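Comments concern the structure below.
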Amino acid sequence: MRPLSWAVLRQLQDGVPIVDEPFREIARKLGVSEEEVFACLESLQAEGVVRRFGARIDQRRVGITVNAMVAWRVAPDLVETVGRAMAAHPEVTHCYERGIVAGQWEYNLFTVLHQPDHRSLWRHLSALSAESGIDDFVVLVSGREFKRVPAARILPVAVPGSRSGP
Amino acid sequence: MTPIVELDRTDRLLLQHLQDAFPLTRKPWWAIGEKLGIPEEEVLGRVQRLAREGVVRSIGTVVEAQRVGLNASTLVALRVPESRLLEVAGMIREHPGVSHCYERDHAFNLWFTLSMPDETSMAREIRRLLARSRLPSEEMLNLPVLRRFKVDVRYRFADREDGGGRA
C-alpha cells in the first residue's frame with residue numbers, strides 16, 4: 001500500500017468533518033487535491049482494504065436497543081452450510097465460526113442480531129433455528145456497553161514505510 | 001438507558017443514504033439532497049443535528065482488519081463477580097486492541113473482542129489481561145475466529161417502499 005493510502009486511511013477512519021465540503025479539509029491536511037483523495041479511496045475499495053465508506057450509526061439511539069449475540073452448536077460437517085445460510089439473512093450482522101473450549105463451551109457458530117425488541121429478536125431466532133434445524137443455542141443479550149470502536153483500526157505503529165504495515 | 005432520538009421520514013431516508021450510498025464527491029450534501037428532493041443546506045443541517053444527537057457516530061471508512069495487519073481476532077468471555085464488573089471492564093476497555101466490550105446476560109457476564117497482528121501477540125495479550133483481571137483461568141473462555149461468514153453492520157431505517165432500501 002502506498003504511503004498516501006495509509007495517510008488517507010488514518011484521516012478517514014475517524015470520519016470526515018461534517019462541514020460544507022468535507023473532503024476539502026482532508027485534502028488540505030494531506031497536502032493533495034480532493035481528486036487524489038477520491039482516487040486513493042476508490043483504489044483502496046477496489047483492493048478490498050476499505051470495505052465501505054459511509055455513516056456509522058449508533059443504533060441504540062434510534063430504538064434498535066436489543067443487541068443479541070447468539071451462539072449455536074453446530075456439527076462440524078454442517079458449519080459451512082449453516083454459516084452461509086445464516087449469513088444470508090439481512091438481520092444477521094455478524095456470523096463467525098469460533099473455536100470451542102471442550103467441556104466448558106461447545107457453541108461454535110456465532111451470530112449477532114440488532115433488533116428493536118425481544119419479540120422481533122425471537123421471531124428471527126425461531127426462523128433461523130427452524131431453517132437450519134439447529135435447536136441448541138445460547139442467546140447472550142447485551143447489557144451495559146463498555147466499549148465499541150471499529151475492530152479494524154490503523155494503530156499508531158503502522159506508520160508509512162514501517163514493517164508493521166501489510 | 002440511552003434516550004431514543006425521534007426521527008422523521010426525511011431523517012430516516014437520509015440515514016439510509018449516509019450509511020449505504022454516501023457519494024464520494026466534493027459536494028456530498030448537495031448530491032444527497034438531489035436524491036431526496038431537499039436543499040443542500042437542509043441536508044447538512046440535519047446531518048449536523050444527527051451527529052450532535054449521537055445518532056451518526058462518524059462518516060468514514062470501514063476497514064478490512066486483515067488488510068491492515070490485524071490477522072488474529074478472538075472473542076473472550078469472563079465470569080466476573082458482580083462487585084468487580086466495572087473495575088474489570090474498565091481495565092479491559094483501556095486495551096487498544098479491544099474493539100467491543102459488553103456486559104451480557106449469562107454466567108459469563110463480560111464479553112470482549114480483541115484483534116492483534118498475529119497469534120503470538122494475541123496469546124501474550126490474553127495472558128496479560130487475564131493476569132490483570134486477577135481471575136482464575138477457568139473463569140475465561142477464549143473463542144478465536146476460525147472462519148468468517150459475514151460482517152456487515154448496517155441497519156434498515158426506511159421501508160423499501162419508502163425508497164430507502166439498500167443501495
Side-chain angles (χ1 to χ4, degrees), chain A residues 9 12-16 18 20-24 34 38 41 48-64 69 83-84 86-87 92-99 101 104-105 110 114 138 140-152 154-155 158 164-166, chain B residues 2 4-5 7 15 18-20 22 24 26-28 44 47-48 51 53-65 67-70 73 75 89 92-93 96 98-106 111-113 115 117 141-153 155-157:
Chain A
L9 281 181
L12 293 180
Q13 66 180 356
D14 295 321
V16 294
I18 301 175
D20 205 23
E21 293 186 27
F23 296 98
R24 174 189 270 194
E34 282 164 274
F38 294 136
L41 201 46
V49 177
V50 168
R51 204 150 10 124
R52 67 180 184 89
F53 185 97
R56 293 182 37 247
I57 310 285
D58 186 346
Q59 80 283 357
R60 293 184 173 208
R61 288 262 170 195
V62 297
I64 304 174
M69 190 157 68
R84 284 175 185 272
M86 288 194 178
V92 171
T93 59
H94 301 70
C95 185
Y96 290 99
E97 181 191 7
R98 293 186 176 278
V101 180
Q104 261 197 298
W105 188 268
F110 280 73
H114 299 273
V138 187
L140 303 152
V141 175
S142 69
R144 277 167 286 186
E145 176 180 286
F146 296 113
K147 187 172 190 181
R148 185 191 181 203
V149 298
I154 302 176
L155 302 174
S164 51
Chain B
T2 316
I4 288 168
V5 175
L7 304 173
L15 286 176
L18 294 174
Q19 175 190 262
D20 297 338
F22 193 87
L24 294 175
R26 284 172 177 245
K27 296 208 157 265
L44 177 56
V47 177
Q48 285 171 335
E53 290 172 336
V55 175
V56 172
R57 288 175 186 250
S58 67
I59 298 174
T61 48
V62 178
V63 169
E64 194 66 54
R67 300 299 304 274
V68 292
L70 295 169
S73 179
L75 173 71
I92 299 291
R93 76 192 294 276
V98 170
S99 58
H100 295 70
C101 181
Y102 286 93
E103 173 185 28
R104 293 194 182 270
D105 184 16
H106 190 269
W111 294 71
F112 64 93
T113 49
S115 298
L141 301 173
N142 178 14
L143 309 168
V145 173
L146 299 183
R147 217 177 328 183
R148 194 177 78 179
F149 293 104
K150 183 182 194 179
V151 189
D152 186 5
V153 188
Y155 307 98
R156 185 99 53 77
F157 304 104

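This structure is a prediction, so every number in the text was calculated from the model and none was measured. Throughout, a chain's letter reflects where its sequence line sits, starting with A, and its residues are numbered from 1.
Each of A:R52, A:H114, A:R84, A:M86 has some count of heavy-atom pairs under 4.5 Å with chain B, and the biggest count is that of A:R52. Most heavy-atom pairs under 4.5 Å with chain A, from the set B:E64, B:R57, B:R148, B:H106: that is B:R57. Ranked by heavy-atom pairs under 4.5 Å with chain A, the first of B:V145, B:L18, B:L143, B:D105 is B:L143. Of the listed residues (B:P28, B:G54, B:C101), the greatest number of heavy-atom pairs within a distance under 4.5 Å of chain A belongs to B:C101. For the set B:P144, B:G60, B:A51, the entry with the most heavy-atom pairs within less than 4.5 Å of chain A is B:G60. The greatest number of non-hydrogen atom pairs below 4.5 Å with chain B, out of A:V141, A:V138, A:V101, is found for A:V141.
The closest side-chain heavy-atom distance from B:F157 to B:D20 is not below 4.5 Å. Side-chain atoms of A:I57 and B:V153, non-hydrogen and from C-beta on, never get closer than 4.5 Å to each other. You'll find the side chain of B:Y155 stays beyond 4.5 Å of the side chain of A:V62, heavy atoms only.
Proximity to chain B is absent for every atom of A:R24, based on heavy atoms less than 4.5 angstrom apart. Only the side chain of B:L7 comes within contact range of chain A, with heavy atoms under 4.5 Å apart. For B:I92, no part lies near chain A; criterion is any non-hydrogen pair under 4.5 Å. Using a 4.5 Å cut-off between heavy atoms, A:I64 contacts chain B through its side chain alone, with no backbone atom that close.
Minimum heavy-atom separation, B:Y102 to A:E145: OH-OE1, 2.9 Å. A:R51 and B:V63 get closest at one heavy-atom pair: NH2-O, 3.5 Å.
If you check the side chains of A:R60 and A:S142, you find a donor sitting under 3.5 Å from an acceptor.
The CD1 atom of A:I18 sits 8.5 Å away from the OG atom of B:S58 when rounded to the nearest 0.5 Å.
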